[in-house]
Structure formats: structure tokens, C-alpha cells
There are 2 protein chains.
Amino acid sequence: MAGRKRWSTEEILDAAAELLRTSDADSFSVRKLAAALGTDSSSLYRHFRSKTELLRAAADRILLAAMDGYRPEGDWKQRITSLALHVREAFGRQPQLAAVWGRHASSGTGSRLVMEEMLQALRASGLSDEEIPARYHRIAVLVAALIASEAGLGTVTPGEYEQGMELFRVAVLGADPERFPALAHFARDIRPLGVDRRAAFEEILAAQLAHIEAAISPSQPTGPGVSANDGELERSAHHRCSEGRRRPLPT
Amino acid sequence: MAGRKRWSTEEILDAAAELLRTSDADSFSVRKLAAALGTDSSSLYRHFRSKTELLRAAADRILLAAMDGYRPEGDWKQRITSLALHVREAFGRQPQLAAVWGRHASSGTGSRLVMEEMLQALRASGLSDEEIPARYHRIAVLVAALIASEAGLGTVTPGEYEQGMELFRVAVLGADPERFPALAHFARDIRPLGVDRRAAFEEILAAQLAHIEAAISPSQPTGPGVSANDGELERSAHHRCSEGRRRPLPT
DNA sequence: ACCTGAACACCGTTCAAGT
DNA sequence: ACCTGAACACCGTTCAAGT
């Protein structure tokens with residue numbers, strides 16, 4: 001290609017998403033992305049300060065696309081379930097971005113759309129405004145964990161996967177009945193973690209939502225806007241815990 | 001050092017665990033492990049076919065150590081909760097191994113001990129033998145996802161963390177009230193995913209266990225002569241358990 | 001028989017030098 | 001002003017050559 005084109009940030013992110021979708025294993029790299037764009041990796045560092053920042057932005061674009069096909073329907077539990085499944089499916093095609101999302105979260109428009117819809121659904125649940133932030137946190141933690149871990153399974157190479165399955169079979173089917181009686185007893189019916197993930201996702205989330213529903217005080221189910229913020233959640237205590245580095249992240 | 005020592009597989013794994021525990025960021029590598037052992041990275045490929053296989057084995061050792069400080073107590077739900085918390089805490093000191101565990105599972109004695117205890121606890125729940133494998137699968141998926149994702153948060157570098165926190169603040173506090181009314185409304189009380197993880201872990205797991213309990217058919221809760229051995233694990237010593245050294249991940 | 005130096009084919013990131 | 005070739009400091013893995 002003779003033409004020297006200057007790529008926009010959006011074009012770079014789209015190319016990144018495309019490369020992530022089609023790269024067979026976990027073989028995404030800044031250099032390969034640059035090569036796919038016909039330029040040098042150093043050029044990309046004008047748009048992004050690091051690979052992480054690039055991937056964060058790409059993950060947010062995935063959320064944006066996921067919300068594009070989402071329409072709120074049904075009661076609050078159905079809305080949250082449908083929302084979560086949309087996000088799950090969107091990341092299913094780019095598992096590596098799901099991993100980044102779980103580790104670093106994202107913070108663009110896509111992320112905000114997801115947060116907004118989940119909060120609106122919770123507001124329709126009958127929970128008081130004081131209860132919602134904590135419940136929101138639990139649901140977000142659960143959904144992000146399930147999606148990211150499921151996606152993690154999608155990043156193992158075929159060779160590693162087969163090797164792991166063989167180890168699993170040996171560990172379960174070969175368990176000594178003297179030492180592992182229950183394991184030996186159930187050996188034939190124990191399934192590896194990667195199986196049946198969608199059903200597991202829905203069931204686990206449903207259990208969490210049912211748990212929340214059971215705690216809703218029997219007042220009117222859908223109150224309109226209540227007063228602004230009298231929330232007196234203790235916000236600071238948790239932020240500093242022992243080890244001075246390694247910190248968690250936002251949604 | 002003049003002395004050329006031949007390292008055993010166990011010594012290598014212990015050194016790997018130590019290096020993972022003390023490596024500031026996610027800077028573990030085969031080469032660094034070899035350097036720590038005073039040898040060349042190529043030597044390690046006599047013991048392990050790949051880095052993944054090495055990490056898998058190291059993860060299993062972590063599970064083994066976690067089970068060392070575990071003692072079954074209380075009803076089936078308490079047993080599963082305590083077991084899960086033990087595993088969580090063990091991996092909290094080696095977050096990168098938790099990530100490997102979530103992706104590749106593990107299949108040695110440590111893994112078997114965990115599976116065995118969880119199955120024994122489920123057998124004490126009153127669930128029928130036919131129901132147990134599916135319930136086991138759900139619990140395993142949930143616990144692995146929560147632990148792996150929490151650990152993933154522990155592998156971000158301080159710089160990335162701070163950058164992510166800033167993005168989160170902007171995304172939440174800077175949300176346009178016209179477009180994101182609920183988000184703007186709750187902005188001050190929405191907390192990042194990495195906060196309050198232990199409480200979230202316990203709550204989410206408790207919801208799942210309650211969900212299972214509600215499905216137990218009303219027969220006798222703990223059949224006395226049900227299985228050959230309801231034997232508790234025959235191990236002793238509370239060794240190092242938890243409190244002594246570093247804290248696990250975020251709280 | 002055992003080990004290892006050197007190499008291969010990669011990384012993310014930086015920056016001086018080019019246009 | 002913008003871009004990029006070349007370099008830096010790393011990776012995981014292999015294998016011919018040494019002892």
C-alpha cells in the first residue's frame with residue numbers, strides 16, 4: 001500500500017475488535033494490530049498511552065454494540081437478566097476483551113449505558129434508593145465475574161484445552177475411592193467447569209435476583225423519583241486495605 | 001555459585017509460588033524463575049512441558065496448602081462457605097495462579113481434596129445423589145469465577161489501577177443527568193467493583209446456597225447411614241491458615 | 001546421560017532521526 | 001508537525017553443542 005493514511009481512534013478500535021475476533025488463540029498484539037493497519041506499532045502510541053488503554057477502549061465499544069440490540073422488557077428481574085445476557089454474548093465473541101473488562105473495567109459510553117439500565121431496572125424493583133447501590137454492586141460483581149471467567153476459558157489454546165481435559169478426566173475418574181470416596185462415587189457425573197455455561201449463568205444470576213427480591217420491603221413496588229441523596233454509605237473505609245499496590249477497579 | 005544442583009519438581013514449584021507471591025506486578029516469567037533458582041530457563045523444560053503446565057501444578061499446590069488449614073464444621077452450607085473462603089484466601093496471595101486456575105482448572109491432589117469436600121458437604125445437605133452433580137457444577141462455576149475475577153483485579157499494576165479509578169470517577173460522577181439519569185442520581189454511592197470483595201463473595205455465595213436449599217425435597221435432611229463414610233477429612237494441624245501474614249486481595 | 005549457551009521468533013514501549 | 005526505523009529490554013521455547 002503506497003497511501004499513507006492517518007487512522008482515527010475509532011478505526012483503530014474497530015480494527016482491534018476485528019483482529020481480536022479472528023485471532024485464533026490469544027495472539028493479539030500491538031504489533032499485529034499495527035501490521036493489520038499497514039503501519040508501525042509506534043504510530044498507535046499517539047492514540048493510546050498503552051496497550052491496556054487501547055483494550056479498555058475496545059471493551060467499551062463492545063458494550064456499546066451490546067446495548068444497541070438491547071431493549072428493556074418485562075419486570076426488573078427480566079431486564080437485568082436480559083441485559084446481562086446481552087453483555088455476555090457480546091463479549092463471547094471477543095473473550096480477551098472480556099478478560100480486560102473484568103480486570104480493568106471500562107468507563108466510556110458503553111459502560112455508562114449498562115450501568116444506567118441496571119440502575120433503572122433496580123429502581124423498578126421496589127428497592128429503596130438507600131438499598132440500591134449495595135445491591136447494584138453485588139450484581140455487577142457477579143455478572144462481571146461470570147462473564148470474565150467464562151471468557152477466560154475461551155482464551156486457552158486447543159492444545160492446552162485438550163491437555164486440561166485429559167488432566168481433569170484423570171483427576172476425577174482416577175480418584176482413589178479410599179481417599180476420595182465422594183469424588184469416586186460421582187466421578188461419571190462430574191462435569192468440567194466449561195460445560196453448560198449459559199444455563200449456569202442464568203441459574204446463578206436468577207438465584208441472586210431471587211435473593212434480592214426476597215429482601216424487598218412490602219411497600220409500593222415502583223416509586224418514582226425519591227429525594228436526591230441522603231445516602232450515607234460509608235464510602236472510604238474500604239478503599240485502603242492493607243497491601244499498598246494491586247487494586248481493584250470500577251465498572 | 002559453583003555448586004550445580006539439580007532441582008526437584010517440588011522445589012521448582014515452591015520457588016515459583018514464592019516468586020509469584022513476591023513479584024510486585026504480574027512479572028512472573030520462566031526466565032526469572034530460572035534466575036531465582038540459579039539456573040537457565042531451558043532446564044525447567046525438563047520438568048514441565050510448558051509454562052502453563054508449570055502454573056497448573058503450582059495452582060494445585062496452592063489448593064493443597066489451602067486444604068491444610070481447613071476443617072469441616074457446621075452444616076453443609078457452612079462447610080461449603082468455609083471451604084470456598086479458604087480457597088479464596090489462599091489464591092489471594094498468588095492472584096496470577098488464581099487466574100490460571102480459573103482458565104485451566106487443576107487436577108492434582110489439591111484439586112481433588114477440594115472437590116471431595118464439596119461433594120461430601122452436598123451429600124450432607126439432603127440433596128439426592130441424582131441432583132448433586134448439577135448443583136456441584138453451579139457452585140464450582142460460581143466460586144471459581146468469583147475467585148478468579150477477584151484475583152484478576154490483583155494483577156493490575158498500580159499505574160493501571162489509578163488510571164482506571166480516574167476513568168471510573170469520570171464515568172460515574174461526570175455522567176450527563178439528561179442521558180443517564182439513574183447513574184447521575186446514584187453517582188456518589190456507586191462503588192467500584194474491587195471494593196468490599198469479601199462481603200460480596202460471602203453474600204453472593206450465600207444466595208446461591210439458599211437457592212439450592214430451597215429446592216431440597218422435604219425428606220430427612222441428613223441421612224445418617226447414607227454413605228459408607230461421611231468421614232471428615234483425615235488431616236491435622238492448623239498450620240498456617242490465614243491471619244499471620246499478608247492479607248489477601250482487596251477486602 | 002545430563003545440562004546449557006545461543007538462537008528463534010516474538011513482545012510492549014520509547015525516541016532520535018527522518019520527512 | 002507528523003511519522004517511523006531502530007533500538008531497548010524483555011518474552012516462551014527449542015536444540016545443537018558441550019561436559
Side-chain angles (χ1 to χ4, degrees), chain A residues 1-9 11-13 15-16 19-20 22-59 96-97 99-100 103-104 155-164, chain B residues 1-9 11-13 15-16 19-20 22-59 96-97 99-100 103-104 155-164:
Chain A
M1 331 304 191
R4 284 280 148 282
K5 184 165 190 273
R6 281 172 48 244
W7 304 92
S8 72
T9 301
E11 287 170 318
I12 292 171
L13 290 177
L19 182 58
L20 283 160
T22 57
S23 71
D24 284 344
D26 48 342
S27 62
F28 175 84
S29 75
V30 176
R31 287 170 122 106
K32 277 177 188 149
L33 174 58
L37 290 165
T39 182
D40 188 84
S41 63
S42 55
S43 312
L44 301 180
Y45 283 85
R46 197 163 324 279
H47 296 85
F48 303 98
R49 269 178 301 185
S50 66
K51 185 187 185 186
T52 292
E53 190 175 296
L54 191 159
L55 291 174
R56 262 204 266 241
Q96 340 201 23
L97 286 184
V100 168
R103 253 200 313 283
H104 304 285
T155 64
V156 307
T157 66
E160 285 174 337
Y161 173 77
E162 199 41 62
Q163 193 174 308
Chain B
M1 326 322 182
R4 284 281 150 281
K5 183 161 190 280
R6 281 172 47 245
W7 304 92
S8 71
T9 300
E11 286 170 318
I12 292 171
L13 289 177
L19 182 57
L20 283 160
T22 57
S23 71
D24 283 345
D26 47 343
S27 61
F28 174 85
S29 74
V30 176
R31 288 169 121 106
K32 277 178 187 147
L33 174 58
L37 290 165
T39 181
D40 188 84
S41 62
S42 55
S43 312
L44 302 179
Y45 284 85
R46 200 165 324 282
H47 296 84
F48 303 97
R49 270 178 300 184
S50 67
K51 187 188 186 187
T52 292
E53 189 174 298
L54 191 160
L55 290 174
R56 261 204 266 243
Q96 341 202 20
L97 286 183
V100 168
R103 253 198 315 283
H104 304 285
T155 65
V156 308
T157 66
E160 285 174 335
Y161 171 76
E162 200 39 63
Q163 193 174 308

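Chain A is the first sequence line, chain B the second, and so forth, proteins listed ahead of strands; every chain is numbered from 1.
- Checking the phosphate oxygens (OP1, OP2) of C:dC10, no side-chain nitrogen or oxygen of A:K32 falls inside 4.0 Å.
- Atom CZ in A:F28 sits about 16 Å away from atom P in C:dC10, given to the nearest Å.
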Under 3.5 Å between N/O atoms: give me all the protein pairs with nucleotides 13-17 of chain C, atom names plus distance.
| from | atom 1 | to | atom 2 | distance (Å) |
| --- | --- | --- | --- | --- |
| C:dT13 | OP2 | A:Y45 | OH | 2.4 |
| C:dT13 | OP2 | A:K51 | N | 2.8 |
| C:dT13 | O5' | A:Y45 | OH | 3.3 |

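- What you find for B:D40 and B:A34 is that their closest heavy atoms are C-CB, 3.5 Å.
- Distance CG (A:L33) to C1' (C:dC11): 14 Å, rounded to an integer number of Å.
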Task: Watson-Crick and G-U pairing of DNA chain D, under 3.5 Å, as dot-bracket with | and [ ] - done: ||.|||||...|||||.||

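- Under the salt bridge (charged side-chain N to carboxylate O under 4.0 Å, His left out) criterion, A:E160 pairs with no residue, sequence neighbours left out.
- In this structure the side chain of B:T52 never reaches within 4.5 angstrom of the side chain of A:V156, judged on heavy atoms.
- Residues meeting the side chain to side chain donor-acceptor pair (under 3.5 Å) test with B:Q163, sequence neighbours left out: A:E53.
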Open item on the list: Walk me through whether A:F48 and A:L55 qualify under side-chain contact (heavy atoms from CB on, under 4.5 Å).
Closed with: CA-CA 9 Å; A:F48 303 98; A:L55 291 174; over 6 Å; no

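- Sorted by first and then second residue, the side-chain hydrogen bond (donor to acceptor under 3.5 Å, both in side chains) pairs with a member in residues 30-39 of chain A read A:T39-A:S43; sequence neighbours excluded.
- If you measure from atom CG of A:L55 to atom P of C:dC11, you get 14 Å, rounded to the nearest angstrom.
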TODO: Just do the side-chain contact (heavy atoms from CB on, under 4.5 Å) check on A:Q96 and A:V100 with the steps written out, would you?
DONE: CA-CA 6 Å; A:Q96 340 201 23; A:V100 168; 5.9 Å; no

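- Minimum interatomic distance between A:L37 and A:W7 (heavy atoms only, all atoms of both residues): O-CZ2, 3.0 Å.
- If you take CG of A:L44 and C1' of D:dC2, they are 15 Å apart, rounded to a whole angstrom.
- Taking atom P on both C:dC10 and D:dA9, the two are 22 Å apart, rounded to the nearest angstrom.
- Rounded to an integer number of Å, the gap from CD of A:E53 to P of C:dG12 is 15 Å.
- When the side-chain contact (heavy atoms from CB on, under 4.5 Å) test is applied to A:A35, no partner is found at least two apart in sequence or on another chain.
- Counting only heavy atoms from C-beta on, B:S43 has its side chain closest to C:dT4 among D:dC3, D:dC11, C:dT4.
- Following rounding to the nearest Å, A:R56 (CZ) and C:dG12 (P) show an atom-to-atom distance of 16 Å.
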